Student: 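Structure provided below as structure tokens; questions to follow.
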Number of protein chains: 2
Amino acid sequence: MRYSDFLDIIDESRASACRQVFMDNKGTIKIRKEKTAVKNFEKIFDAVFEITYEKGFAGMSMRDLSRKTGLSLGALYPYFKSKEELLAIIQRHGQTLIKDVLETFCAKHEGAVEKLEAVIKAHIFLSEKARPWFYFMFMEAKHLNADERKAVLETESYTEKVLVDILEQGERSGVFRKQNHILAASIIKAMQQEWYLKRWKYSKRNISVDDYAEYVLGVVRAFCLA
Amino acid sequence: MRYSDFLDIIDESRASACRQVFMDNKGTIKIRKEKTAVKNFEKIFDAVFEITYEKGFAGMSMRDLSRKTGLSLGALYPYFKSKEELLAIIQRHGQTLIKDVLETFCAKHEGAVEKLEAVIKAHIFLSEKARPWFYFMFMEAKHLNADERKAVLETESYTEKVLVDILEQGERSGVFRKQNHILAASIIKAMQQEWYLKRWKYSKRNISVDDYAEYVLGVVRAFCLA
DNA sequence: GTCTATACACAGATAGAC
DNA sequence: GTCTATCTGTGTATAGAC
């Protein structure tokens, strides 16, 4: 699977993400018209990611956000009831995104080797497609309140468990070697994370997401295959 | 080399770090007595790391810092002329720490394999010894001004280059296989980073720094050795 | 839905007594 | 060296006109 194949399979666009956010938060969002909401959420999220990449979420003032989106301070609040809530909205959507994609690609294969490769690549490709979202989720998780933070840890455990289960399945069927699968899964996750945390390094060096994903799979084969 | 051996070789303690900071910043620090300065810098750094781990550096107010250190607001400023300067002091010291340790352990070996293993372990062990420092450096680099930020990127390039040079040396002497050494170095750095970014995961699971370092070396051998 | 104007809490930083 | 008191700017959030 290459990145272009991945894009054909999942239809993840900025607009669809914003529509999803609108549906999931109808309770707190004061805006009634979907079209308006989607259009402005696009502006808002883009602005949040851009400003936050520079100075962090805590360092972003609502005035910064107002300036960058072109919406006034007063016009922002109908979209989220507080700055804290805005953070939570972004984090929650990111988590469902990850879970949905992993489930989709897990279900596509039976054999452990194929399943592992699909799941690893899907995660890297999703983080490429929604790079600012992933970067934001990682860097700003600490600013969530206790409950939301717990949800992040649960997603973290979930994605690790997906990998561990596949590795165990492969050990039983003899394709993967016997080893500490938790450590193996952690290393895999570390390599996936590298892609969206240090993206600038790879852009500068013309290393594409396909290059990177293939390299990671080579490493994984080297230390997992029996 | 095990973690305990590493500790015998480098004499890195909280007090020695604070003494170094005091010496390196005599120009801006208003306190004259070394003993006082070291004692309070220990309190200050501990407090910064603890508060920042919870809410980030931008989210830490000087009043938070005052409360946690037990020093009044007015008593803090003689130690650094602004909050921004406090951030820079911590980042600068962290960078010299990394460079010094890498140089020390690079010089200890001739062969590429031994050199690579020593350098990888030294970095992981240093990040274990100064864990909060490393975590802080990574998470708060974005709040530096342009010049200090450039210095961080240079340290990043430097540590990567150390690895690439060793991999190339080993390729020439036939012990490492021919491959994209930049990607190899990046993956190694990603695994090192994992240790201090997700430390809680490993504490919870009773995986020691020696366990982790050995596992990483196993992975490295699997995809680097000829 | 979006605007302007504003409430009021809290930030970083300093002055000057001890 | 460290304290308390305070200056001044900026933060989030809301009210009410359009």
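Lettering of chains follows the sequences in order, A, B, ..., and the numbering in each one begins at 1. Because only heavy atoms are used, hydrogens play no part in the values below, and waters and symmetry mates are left out as well, while side chains stay in. Fair warning: this is a prediction, and the values are worked out from it, not measured in the lab.
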Student: So which of residues 15-27 of chain A are in contact with DNA chain D, with a heavy-atom cut-off of under 4.0 Å?
Tutor: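 Listed by number, there are none.
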
Student: Enumerate the residues from residues 40-65 of chain B whose closest heavy atom to DNA chain D is under 4.0 Å, giving them by residue number; use none for an empty result.
Tutor: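 Going residue by residue through residues 40-65 of chain B, the ones with a heavy atom under 4.0 Å of DNA chain D turn out to be B:Asn40, B:Arg63.
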
Student: Go through the structure and list residues passing side chain to side chain contact (heavy atoms under 4.5 Å, CB included) with B:Thr96, not counting sequence neighbours.
Tutor: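 Side chain to side chain contact (heavy atoms under 4.5 Å, CB included) list for B:Thr96, sorted by chain: B:His93.
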
Student: Please work out which residues in residues 76-87 of chain B have a non-hydrogen atom less than 4.0 Å from an atom of DNA chain C and list them by number.
Tutor: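 The answer is B:Tyr77, B:Ser82, B:Lys83.
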
Student: When we call it a touch if two heavy atoms are under 4.0 Å apart, what does B:Lys30 touch: a base, just sugar-phosphate, or nothing?
Tutor: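 Nothing, no nucleic acid heavy atom in range.
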
Student: For DNA chain D, which residues of residues 66-73 of chain B approach it to below 4.0 angstrom with any heavy atom?
Tutor: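 Those residues are B:Gly70, B:Leu71, B:Ser72.
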
Student: Please report, to 0.1 Å, the donor-acceptor pairs under 3.5 Å made by any side chain of residues 124-133 of chain A, with sequence neighbours excluded.
Tutor:
residue  : atom : partner  : partner atom : Å
A:Ser127 : OG   : A:Ile124 : O            : 2.8
A:Glu128 : OE1  : A:Trp195 : NE1          : 2.9
A:Glu128 : OE1  : A:Arg199 : NE           : 2.8
A:Glu128 : OE1  : A:Arg199 : NH2          : 3.2
A:Glu128 : OE2  : A:Arg199 : NH2          : 2.7
A:Trp133 : NE1  : A:Ile90  : O            : 3.0

Student: Between A:Glu140 and A:Arg149, does any NZ, NE, NH1 or NH2 come within less than 4.0 Å of an OD or OE carboxylate oxygen?
Tutor: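 Here A:Arg149 does not pair with A:Glu140 in a salt bridge, since their nearest N and O are not under 4.0 Å apart.
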
Student: Would you confirm whether the ring centroid of A:Phe136 sits within less than 6.0 angstrom of the ring centroid of A:Phe45?
Tutor: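 No.
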
Student: For A:Asn145, check side chain to side chain contact (heavy atoms under 4.5 Å, CB included) against everything at least two apart and list the hits.
Tutor: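 Here the qualifying residues are A:Glu84, A:Asp147, A:Glu148.
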
Student: Do A:Asp211 and A:Ser208 get their side chains close enough for a donor-acceptor pair, meaning under 3.5 Å?
Tutor: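 Indeed, the side chains of A:Asp211 and A:Ser208 share at least one donor-acceptor pair under 3.5 Å.
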
Student: A:Phe6 and A:Phe105: aromatic ring centres closer than 6.0 Å?
Tutor: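 Close enough - the centres of the two rings lie under 6.0 Å apart.
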
Student: Does any part of the side chain of B:Met137, heavy atoms only, come nearer than 4.5 Å to the side chain of B:Ile98, both counted from C-beta?
Tutor: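 Side chain of B:Ile98 against side chain of B:Met137, heavy atoms only: contact under 4.5 Å found.
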
Student: If we ignore angles and hydrogens, is there a donor and acceptor under 3.5 Å between the side chains of B:Lys198 and A:Ser186?
Tutor: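 Side-chain D/A pair, B:Lys198 to A:Ser186: absent.
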
Student: First contact, last contact: which nucleotides of DNA chain D are these for chain B, 5' to 3', heavy-atom distance under 4.0 Å?
Tutor: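 Result: D:dG1 to D:dT6.
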
Student: What pairs of residues pass the salt bridge (charged side-chain N to carboxylate O under 4.0 Å, His left out) test when at least one of them lies in residues 22-37 of chain B, not counting sequence neighbours?
Tutor: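 Matches after skipping sequence neighbours: B:Arg19-B:Glu34.
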
Student: Once salt bridge (charged side-chain N to carboxylate O under 4.0 Å, His left out) is applied, what residue pairs with a partner in residues 68-78 of chain B remain, sequence neighbours excluded?
Tutor: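 Sorted result for residues 68-78 of chain B: B:Glu50-B:Lys68.
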
Student: Provide the closest heavy-atom pair for A:Lys121 versus A:Leu217 in the form atom of the first, atom of the second, distance.
Tutor: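 Smallest heavy-atom distance, with atoms named: CE-CD1, 3.4 Å.
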
Student: According to side chain to side chain contact (heavy atoms under 4.5 Å, CB included), who are the partners of B:Asp100, at least two apart in sequence or on a separate chain?
Tutor: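 None.
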
Student: Consider side chain to side chain contact (heavy atoms under 4.5 Å, CB included). Of B:Lys39, B:Glu42, B:Met23, which one does B:Cys18 pass it with?
Tutor: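 With B:Cys18 as partner, side chain to side chain contact (heavy atoms under 4.5 Å, CB included) holds for just one option, B:Glu42.
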
Student: Among pairs that include at least one residue of residues 73-83 of chain B, which meet side chain to side chain donor-acceptor pair (under 3.5 Å), considering only residues two or more places apart or in two chains?
Tutor: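 Listed once each, the pairs are B:Asn40-B:Tyr79.
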
